[in-house]
Amino acid sequence: MPEKVKLSKSMDTFLVEYLAYKPSMSTTQKGKVIQGVLDEISKGVLSYSYTQEVDECLADNRNLALLMRAILDGYEIYTGPRWGIKAGNGYMNDPVNFGFTDIYEDAREITKITADAIVSRLGFGEVVDLNEEA
């Protein structure tokens with residue numbers, strides 16, 4: 001049996017909460033979830049997704065085949081780093097408007113590349129693995 005695709009927690013949340021994915025679905029129902037993903041992509045603006053990571057994943061055509069396989073054959077949640085930005089005692093919760101919060105649970109997960117770019121642009125803060133901050 002082939003190794004299952006590994007998805008981030010953000011992608012799992014997107015599939016389960018936004019597209020109502022369940023591993024026990026029939027193949028037809030899973031096809032509807034795939035159609036939901038494709039509909040989001042065709043809109044051009046993924047305005048309803050949960051994180052920038054989901055937007056970036058869906059925008060990259062190389063990820064789509066893996067995502068479809070994950071939906072059809074099941075997947076595991078990747079437990080690697082969850083990147084965010086920390087400044088002092090605060091965590092970034094709004095990467096678009098550069099907003100921060102002192103509540104760890106509200107920290108926004110973003111890709112490492114994006115986090116590095118934001119820290120460089122702001123001139124302060126540090127890129128951290130949110131898993132290690134908990």
Working to the nearest 0.5 angstrom, can you tell me the gap between [X] [atom1] and [Y] [atom2]?
X	Y	atom1	atom2	value
Q35	K32	CD	NZ	11.0 Å
M11	I71	CE	CD1	7.5 Å
T114	W83	OG1	CH2	13.0 Å
D94	T101	CG	OG1	11.0 Å
I118	M92	CD1	CE	5.0 Å

Same hydrophobic cluster for [X] and [Y], using side-chain heavy-atom links shorter than 4.5 Å among ILVMFWY?
X	Y	value
I110	I113	no
V5	Y78	no
I85	L122	yes
I103	F98	no

TODO: Apply the test side-chain contact (heavy atoms from CB on, under 4.5 Å) to residues T27 and K30: give CA-CA distance (whole Å), side-chain angles for both, the deciding distance (0.1 Å), then the verdict.
DONE: CA-CA 5 Å; T27 302; K30 288 178 181 180; 5.6 Å; no

Rest of the hydrophobic cluster containing V128 (Ile/Leu/Val/Met/Phe/Trp/Tyr, side-chain heavy atoms under 4.5 Å)?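 For the cluster that includes V128, the remaining residues are Y91, Y104, L130.
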
In chain order, what residues pass the salt bridge (Lys or Arg N to Asp or Glu O under 4.0 Å) check against D129, with sequence neighbours excluded?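 For D129 there are no salt bridge (Lys or Arg N to Asp or Glu O under 4.0 Å) partners, ignoring immediate neighbours.
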
Partner of L67 under side-chain contact (heavy atoms from CB on, under 4.5 Å), picked from L7, L72, V33, is L7

Checklist line | Results of side chain to side chain donor-acceptor pair (under 3.5 Å) for K6 - residues two or more places apart only | finding: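 Checked K6 against side chain to side chain donor-acceptor pair (under 3.5 Å); matches are E3, E76.
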
TODO: Report yes if some heavy atom in the side chain of D12 is under 4.5 Å from a heavy atom in the side chain of Y75; otherwise report no.
DONE: yes

(request) Under the side-chain contact (heavy atoms from CB on, under 4.5 Å) rule, what do R108 and V96 come out as? Steps first, then yes or no, please. (result) CA-CA 11 Å; R108 186 80 177 266; V96 174; over 6 Å; no

Residue pair L15, V37: steps toward the side-chain contact (heavy atoms from CB on, under 4.5 Å) verdict: CA-CA 9 Å; L15 290 174; V37 171; 4.2 Å; yes

Between A87 and F100 the two heavy atoms that sit nearest each other are CB-CE2, 3.8 Å

